[in-house]
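Okay, structure first, notes after.
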Amino acid sequence: MQYQPKNLEAAIQKVWDDNETFVAKEDDNKEKFYCLSMFPYPSGKLHMGHVRNYTIGDVISRFQRMQGKNVLQPMGWDAFGLPAENAAMQNNRAPAEWTYSNIDYMRNQLKSLGLGFDWSRELATCHPEYYRWEQWLFTQLMKKGLVYRKMSQVNWDPVDQCVLANEQVIDGKGWRSGAPVEKKDIVQWFVKITDYAEELLQDIDQLEGWPEQVKTMQKNWIGKSTGLEISFPIEGKENQFLKVYTTRPDTLMGVSYLAVAADHPVAHKASIHNEPLERFMEECTHTSTAEADIETMEKKGVDTGVRVRHPITGEIIPVWAANFVLMSYGTGAVMSVPAHDQRDYEFAKKYDLPINAVILPEGEESVDVSEAAMTEKGVLFNSGQFDGLKSNDALEAMAKVLHEQEMGEKKTNYRLRDWGVSRQRYWGCPIPAVYCPACGVMPVPEEELPVRLPEDLVPDGAGSPLAKLEEFKNCTCPQCGGRAKRETDTFDTFFESSWYYARYTSRDCTTGMLDKAAADHWLPVDQYIGGIEHAILHLLYARFFHKVMRDEGLVSTDEPFKNLLTQGMVLASSWYTEDASGKQTWYSPLDVEPEMDDKGAVIGGKLKEDGTAVQYGGIIKMSKSKNNGIDPQTLIEQYGADTLRLYIMFAAPPEQTLEWSDKGVEGCSRFINRVWRQVHSHVEAGPVAACTSSEGLGKDAKALRLKLHETLKKVSDDMGRRMTFNTAIAACMELLNDISKFNVNDDADRALMQEAIEILVLILSPMTPHMSQSLWESLGNDGLVVDVNWPDVDESALVKSEIELMVQVNGKLRGKIEVAADADKDSILAAAKADEAVQKFIEGKDLVKEIYVPGRLVNLVVKG
RNA sequence: GCCCAGGUGGCGAAAUUGGUAGACGCAGGGGACUUAAAAUCCCCCGGUGGAAACACUGUGCCGGUUCGACUCCGGCCCUGGGCACCA
């Protein structure tokens, strides 16, 4: 019987569908397990990153179900976003229509992978039944004072008259118009995530099932610091101060200038009679708003002419406007101490500003700042009354003096900024606010929700379509009944993805955002799986939303995700040619024959079609722009979903990047075929009951049964605790190698084969559910594999009479000895010293130390 | 620039708590089967020296701790992710 995955997989998927195998119901008799993979943006087709994400989730779900848990594994669509608008402009198609057809296509793709989703809970964030509840939550936050409006900067395309996302700004120019981008101030909605900064920070310690690296990134992002907020009196302006915040108050006596943002009010005022400053400020409006750009930009500045007085020494200090100071951070002004901060140092060198050293390295007499800043903490000097103080004690001392003079206060600061949620875009959730000329800004009343997004618009890239749509914009004031205007901005799409995990528990609830009982039953998510690229923003916003929902009485826990698995990206080799103008054309790795040097390193390649030489672009993330994506669909058709799933899980542990290899897929296909043939050749000889004990088995059979239960033990641990599916699969491969070498001589051997093969089929089933289901039936069993209990390890099969120990001399492996499993230390050491290979290295030398690690090794330390 | 990861054969990787470096798979080489090919099965496979036994060497680079380091510590190099409007 040949392995033909295409028909087999479709038939088994139909059985799952017909039986509603994966529809989850609340059941208090079983432990619940909520397994969630990050939902996809419906971009058109599944890519390999999706396949990886959802396969990992499905393997975990199936494993947990076989552990007897009641598993919920839902799926939905992160349906709002920019790509729909871009596609709309290109194809003159409405984003809604494009999105819905993508969803239909991708749903079928997911089904063909055999993923055990509860489709009855499917949701799409662009459905009004979904987004009405985030609108509702937002109006609650408005009433609570947790949202506000303020001016903030956006990238503005002066030609297309629209706001650009950071990724749409290429080399400072708009991606479509090519016009230099400008910064523009507009009024936008902000959510006060900073009110929860401390709790978001503290609760990270509760997240025991999160990777350490993600927790560290979140801590650093929130960026709690304690420092001083210091007021510098402005010269010639009675009672006017420039405020700065510093985490290094110990360097206060070394301040040589203050730097303010180019759009700081002080700079604005000063620019009126200062032409170079005015020019500089104008120049600063033509830079990107992205932090990475600002931080890597050449540091520039201009003297504003404004002077302040040092709050302690009274010294006159210049105020510069600088392009690296951001108005949106802290007070928009910083104190600069070139001697002890490298960026300030470079700026001071460039503009010939004084460099005053005030910190000595601990235990030293002098400090050299002729080449670079000394950024370590130490002991204060040149600091008048503070001389001799340690850096760490300076905060209290400075705070006391400044407090008395009302020139400064100790302050806790967070790097985290409030969440700007306004987007001047069409394909998003409308922000439920109304502007009345008489009554002001107010929330849309609950009974008028949802504010529906019209779904038939086709954006043209010039401005926001909603802002141009009078029938959307015009409304009546809920308070006075007069004519009013609706908000035409939409939410940041992170808004939708911040609570979808909760909505799955009560998707059909029409009376509230969540059904409390259902939400309490399933939440928190037991296992969340998604890309490492979401380590900060998405996960932080979702944690924040959860706390907000908790404070609204909607959920009962502090945190949404108990365990987190951050999966690595999927990479493939990349190939390109470059024309005279430097324009690159990228080719699919499937179309290229690589060429290697003697050492096997890739040096180039040729197109399979016509032999054109192409250059190697390295192994990089699969992406449309580099044309190195591998379409999962063709692989499913060629090898079947089980082979693709097995390869994805075998090629690397889940957190690591995964490099695509078509040869590797073939290897997995070979393995599946070997399992298939092994089962069928065993079954051909007729039915047999599985072996249940090692008693009475011959030597080889005993050894195979040992291997079988060792493998079961390892695979259970790898899949349940370690989540290293690659090593679990490797163990299954080893087991199959042993099974196929085993000679069946009698009925007892056949019974052992039955046991071994049944266990192999079961433990592979999370990865290869279709194959396992089919083989399970061939082995004479009824029912669904997914409802079978995970097999138990027979501990008695694991008992060994003899063990092998390594013998080292001075830490180098010199021999191996076979000893009884219960041998004592002295006899083991004696055996080690008696070993012929070991003898050569200890003969005639002084034995100075003997180390015995039970079950592992002996190390003999000799001298001379 | 800042924050966080990663770096082990020709390649993907393994070594779980400091204790046999390279399991498993891919590629490659040799053989069996076949008229032949594919498929399948068996053997070899880090480097250097050696007929072999075996020895030396080897986990990005430099240094340290230890009886013993891929694993711990300090410094550096390279690659990747994130940096608040891609999702």
Side-chain angles (χ1 to χ4, degrees), chain A residues 38 40-41 43 78 81-83 154-155 163-169 211-214 216-217 219-221 223 289-297 299 324 328 342-343 416-417 419-420 422-425 492-494 497 531-538 540-541 566 568-569 571 596-602 618-621 647 650-653 655-661 663-668 670-671 673-674 677 714 717-718 721-722 724 726-727 729-734 737 740 804-813 816 837 848-851 853 856-857 859-862:
Chain A
M38 288 182 184
Y41 178 78
S43 53
D78 188 12
L82 260 189
V154 293
N155 300 310
V163 176
L164 297 175
N166 283 334
E167 72 156 7
Q168 296 175 317
V169 180
E212 218 45 56
Q213 82 193 86
V214 176
T216 308
M217 282 192 262
K219 276 181 194 163
N220 292 339
W221 186 261
T289 58
E291 190 187 302
D293 293 337
I294 292 161
E295 290 285 328
T296 49
M297 205 160 57
K299 310 289 179 284
F324 57 85
S328 50
Q342 192 55 31
R343 187 174 65 184
L416 180 69
R417 308 196 299 254
W419 180 10
S422 298
R423 297 292 180 269
Q424 297 67 45
R425 310 212 179 276
D492 176 4
T493 54
F494 275 127
S497 55
I532 183 67
E533 65 272 22
H534 296 293
I536 296 175
L537 291 179
H538 162 63
L540 191 68
Y541 291 141
T566 48
M569 294 173 312
L571 315 179
M596 285 138 188
D597 67 10
D598 305 341
K599 286 182 177 167
V602 178
I619 294 169
I620 54 171
K621 183 178 173 171
Y647 172 73
F650 177 62
E655 313 79 36
Q656 254 174 69
T657 55
L658 183 148
E659 287 178 27
W660 181 254
S661 151
K663 287 287 193 282
V665 178
E666 280 172 30
C668 286
R670 265 200 290 273
F671 172 72
N673 274 288
R674 281 182 66 200
R677 285 196 307 270
K714 177 172 173 55
D717 187 47
D718 283 353
R721 179 182 63 89
R722 293 214 304 153
T724 53
N726 55 329
T727 53
I729 295 165
C732 291
M733 288 173 168
E734 280 186 58
N737 289 343
S740 57
E804 195 185 35
L805 290 181
M806 301 303 121
V807 184
Q808 297 181 337
V809 178
N810 289 346
K812 283 191 177 180
L813 181 70
K816 297 175 186 180
V848 292
K849 205 170 180 182
E850 295 171 345
I851 291 147
V853 184
R856 288 270 184 192
L857 58 69
N859 188 13
L860 305 169
V861 185
V862 296

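Throughout, a chain's letter reflects where its sequence line sits, starting with A, and its residues are numbered from 1. Hydrogens, waters and symmetry mates are skipped; everything else that's a heavy atom, side chains included, is used.
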How far does the [atom1] atom of [N] sit from the matching atom of [M], given to the nearest Å?
| N | M | atom1 | value |
| --- | --- | --- | --- |
| B/C26 | B/C61 | C1' | 29 Å |
| B/C45 | B/C24 | C1' | 15 Å |
| B/A87 | B/G75 | P | 39 Å |
| B/C43 | B/G49 | P | 28 Å |
| B/C11 | B/G46 | P | 13 Å |
| B/A21 | B/C33 | P | 40 Å |
| B/A23 | B/A13 | P | 15 Å |
| B/G18 | B/U71 | C1' | 7 Å |

To the nearest Å, how far apart are [X] [atom1] and [N] [atom2]?
| X | N | atom1 | atom2 | answer |
| --- | --- | --- | --- | --- |
| A/E212 | B/A5 | CD | P | 9 Å |
| A/N726 | B/A15 | CG | C1' | 12 Å |
| A/W660 | B/A13 | CH2 | P | 14 Å |
| A/F650 | B/A23 | CZ | P | 12 Å |
| A/M806 | B/A15 | CE | P | 18 Å |
| A/R856 | B/U20 | CZ | C1' | 9 Å |
| A/K663 | B/G25 | NZ | P | 17 Å |
| A/M733 | B/A14 | CE | C1' | 13 Å |

Which nucleotide in the list [options] gets nearest to the side chain of [X]?
| X | options | value |
| --- | --- | --- |
| A/A730 | B/A14, B/U16, B/C24 | B/C24 |
| A/K714 | B/U16, B/A13, B/G1 | B/U16 |
| A/D718 | B/A15, B/C24, B/U16 | B/U16 |

Evaluation steps, side-chain contact (heavy atoms from CB on, under 4.5 Å), between A/L416 and A/L540
CA-CA 11 Å; A/L416 180 69; A/L540 191 68; 3.8 Å; yes
With sequence neighbours left out, what residues match [X] under side-chain contact (heavy atoms from CB on, under 4.5 Å)?
| X | value |
| --- | --- |
| A/R677 | A/N673, A/R674 |
| A/E734 | A/K707 |
| A/K714 | A/D718, A/R722, A/T727, A/A731 |
| A/M806 | A/E804, A/L813, A/K816, A/L857 |

Spatial distance of atom CG (A/N859) from atom CD1 (A/I851) [nearest 0.5 Å]
5.0 Å
Restricting to non-hydrogen atoms, name the atom on A/V214 and the atom on A/A535 that form the minimum distance, rounded to 0.1 Å.
CG1-O, 3.6 Å
Heavy-atom contacts, protein to nucleotides 71-87 of chain B, under 4.0 Å, summarised as B (base), S (sugar-phosphate only) or - (none) per nt, yield ---------SBSBBBSB
Nucleotide-resolved protein contact map, nucleotides 38-57 of chain B, B/S/- at heavy-atom distance under 4.0 Å:
--SS-------------SSS
Sorted by chain and residue number, the ring pair (Phe, Tyr, Trp, His ring centres under 6.0 Å) partners of A/W660 (sequence neighbours excluded) come out as A/Y647
Results of ring pair (Phe, Tyr, Trp, His ring centres under 6.0 Å) for A/Y541 - residues two or more places apart only:
A/W419, A/F494
Using nucleotides 65-67 of chain B, report all nitrogen or oxygen pairs with the protein that are shorter than 3.5 Å.
{"from": "B/C67", "atom 1": "O2", "to": "A/N859", "atom 2": "ND2", "distance (Å)": "2.3"}

Please name all residues satisfying salt bridge (Lys or Arg N to Asp or Glu O under 4.0 Å) with A/E167, sequence neighbours left out, ordered by chain then number.
none
Once salt bridge (Lys or Arg N to Asp or Glu O under 4.0 Å) is applied, do any residues pair with A/R425, and if so which ones, sequence neighbours excluded?
none
Nearest-nucleotide 5' precedence on RNA chain B, A/A731 against A/A652
A/A652
I want to confirm an ordering. Mapping A/D717 and A/K299 to their closest nucleotides on RNA chain B, which one lands closer to the 5' end?
A/K299
Just to be sure I understand the rule, does [X] reach a base, reach only the sugar-phosphate, or reach nothing, if contact means heavy atoms closer than 4.0 Å?
| X | result |
| --- | --- |
| A/K219 | nothing |
| A/T296 | base |
| A/F671 | nothing |

side-chain contact (heavy atoms from CB on, under 4.5 Å) between A/I294 and A/M297: does it pass, once the steps are laid out?
CA-CA 5 Å; A/I294 292 161; A/M297 205 160 57; 4.3 Å; yes
Do A/Q808 and A/V853 come close enough that some side-chain heavy atom pair is under 4.5 Å?
no
Checking the side chain of A/Q168 only, and the main-chain atoms of A/A165 only, is there a donor and an acceptor separated by less than 3.5 Å?
yes
Under 4.0 angstrom between A/Q656 side-chain N/O and B/A13 OP1 or OP2
yes
Note, RNA chain B 5' to 3' with Watson-Crick or G-U pairs under 3.5 Å encoded as ( ), [ ], | and . gives (((((((..(((......[....))).(((((.......))))).((((....))))..(((((..]....))))))))))))....
Which is it for A/V154 and A/T289 under the side-chain contact (heavy atoms from CB on, under 4.5 Å) test, yes or no, and what are the steps along the way?
CA-CA 7 Å; A/V154 293; A/T289 58; over 6 Å; no
